[in-house]
Amino acid sequence: MPVQLYLATRKGIFIATSSADRRSWSLRDPVYLGQQCHHAVLDPRDRTTLLLASRQWHLGPTVFRSDDNGVSWKEAARPPQFTKGEPRGRAVDHVFWLTPGHASEPDVWYAGTSPKGLFRSEDGGRTWDAVAGFNDHPEQHVWVGSDKDETPDGGKLHSILVDPRDPAHLYLSMSGGGTFESTDRGATWAPLNLGVDMDFAPKKEDGTEYLFGHDPHCMVQHPTSPDRLWQQNHCGIYKLDRAAGDRWERVGRAMPKEIGDVGFPVIAHPRDPDTAWVFPMDGTGDWPRTSPGGKPSLYRTRDAGASWERQDTGLPDSQAWWTVKRQAMCSDLRDPVGLYFGTTSGEVWSTIDEGASFQLLFRHLPHVFAVTAGEPA
Amino acid sequence: MKVIVPTQLRGYTGGQPEVTAAGATLDAVLVDLDRQFPGFRFRVIDEQDRVRRHVILFVGGERQDDLASAIPAGAELQIVGALSGGA
């Protein structure tokens, strides 16, 4: 059974297929060449449905669906869109994030957009509706901030997480805006940002913490220990154990000082809740957002963030000034776990020994926005 | 009326560079195009009824952003992918 990688890039989607041992790979010609593809995800529930969030530069945002492993695609009959005539005049610029719903709701998907909006499909991505409890919440415009609280190409709603124990329990994150939680399927939301730093905002005079407005870059929930959340934030790496409360712990403080704990992606080991990986980037000075010192490396913790070890065997040891975007690093479910990441310079790398060594799979691709893995039926 | 379709939209028209559509207003023409080619309108007009940022509509050779505008007799609609949309 091969592993497939769904490589969403600035100029189209590419699908890579492995041999059974994951040591050799083939790459198909691109689909939707020229379109800005933000996320492509194989549904882990049926291992057949493949959704793609894409923006044609002129024609705006949409979602495509494939039922035949990416050979043919059909556009959503009603892509994610804000309510016509809504008072803030929002229109979706691009669909940024796709999350399959709970295992008990096989046709449900969630999408996050720019400007920040949450959308839900109940028919496998064919039609989408706004989640009014979030998009139209009277405080939503305060949560999402102004255009100075956004990434350069528009704010992002991302990291939509569905608790594997409860389809009504949802998390989402926004850059910027912070992390929010719903326990009623998106009808109501509450911020979940205590303990998370906001170096880009003045301290509050009364000494209290900001409840929202933070900049989580990526958040993941451990699949078998769902109380364990990991977050890579603009201001550090965090861990949260919900069973112990609602205060995030900045575990990135244990990272080497010369590397820091800024980055985009974080991924959790699919079985061990104490193991996670990050890909640091340079967040000093002008914030180049490149590999620190031009020497890319993953960092792994195996003790829930108490310590981190550098993993760079096989990666360039100098003059590699790329980084890895928040959706561009993923794992498979094999044992040992395979990790995959795509770079801003169009390379795709893998490790099939949990980071002990890395191999270059492909290069010369467009800027890689997202890498996801699946094992199609 | 004759509608000149840019390359970016020909996936919706079966590759045809020119199609015909009917309507008394620009909006009605776009609705008719969407009826013939499902999904067409949303790629040109956003959910707030604004012409998309990197699309230009020319009616009878004149740029037109007002969907309520009437279609002059004999006019053509040319849809253009604006230079600003390339990257």
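Chain A is the first sequence line, chain B the second, and so forth, proteins listed ahead of strands; every chain is numbered from 1.
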task: Report yes or no: does Lys325(A) contribute a side-chain atom to a donor-acceptor pair with the main-chain N or O of Thr323(A) at less than 3.5 Å?
output: no

- prompt: With a 3.5 Å cut-off and no angle check, do the side chains of Thr48(A) and Asp67(A) form a donor-acceptor pair?
  reply: no

Enumerate the inter-chain donor-acceptor pairs under 3.5 Å for chain A and chain B, one line per pair.
unit_1, atom_1, unit_2, atom_2, d
Lys11(A), NZ, Ala87(B), O, 2.5
His58(A), ND1, Gln8(B), NE2, 3.3
His58(A), NE2, Ala82(B), O, 2.7
Leu59(A), O, Arg43(B), NE, 3.0
Leu59(A), O, Arg52(B), NE, 3.2
Gly60(A), O, Arg43(B), NH2, 2.8
Glu75(A), OE1, Tyr12(B), OH, 2.5
Glu75(A), OE2, Tyr12(B), OH, 3.3
Glu75(A), OE2, Arg43(B), NH1, 3.4
Phe82(A), N, Glu47(B), OE2, 2.8
Thr83(A), O, Gln48(B), NE2, 3.0
Lys84(A), NZ, Asp49(B), OD2, 3.0
Gly85(A), N, Gln48(B), OE1, 2.7
Gly89(A), O, Arg50(B), NH1, 3.2
Gly89(A), O, Arg50(B), NH2, 2.8
Arg90(A), O, Gln48(B), NE2, 2.7
Val92(A), N, Glu47(B), OE2, 2.9

- prompt: Which bit of Pro61(A) is near chain B, if near means a heavy-atom gap under 4.5 Å: side chain, backbone, both or neither?
  reply: both

message: For Phe134(A) and Phe119(A), I'd like to know if the aromatic rings sit close, meaning centre-to-centre distance below 6.0 Å.
response: no

task: Decide side chain to side chain contact (heavy atoms under 4.5 Å, CB included) for Val59(B) and Ile71(B); before the verdict, give the C-alpha distance in whole Å, the side-chain angles of both, and the deciding distance to 0.1 Å.
output: CA-CA 7 Å; Val59(B) 176; Ile71(B) 302 293; 4.1 Å; yes

message: Students often mix this up, so state it plainly: with edges at 30° and 60°, are the rings of His217(A) and His234(A) parallel, tilted or perpendicular?
response: perpendicular

message: Apply side chain to side chain contact (heavy atoms under 4.5 Å, CB included) to residues Leu67(B) and Leu26(B) and explain how you reach the verdict.
response: CA-CA 5 Å; Leu67(B) 298 189; Leu26(B) 180 55; 4.1 Å; yes

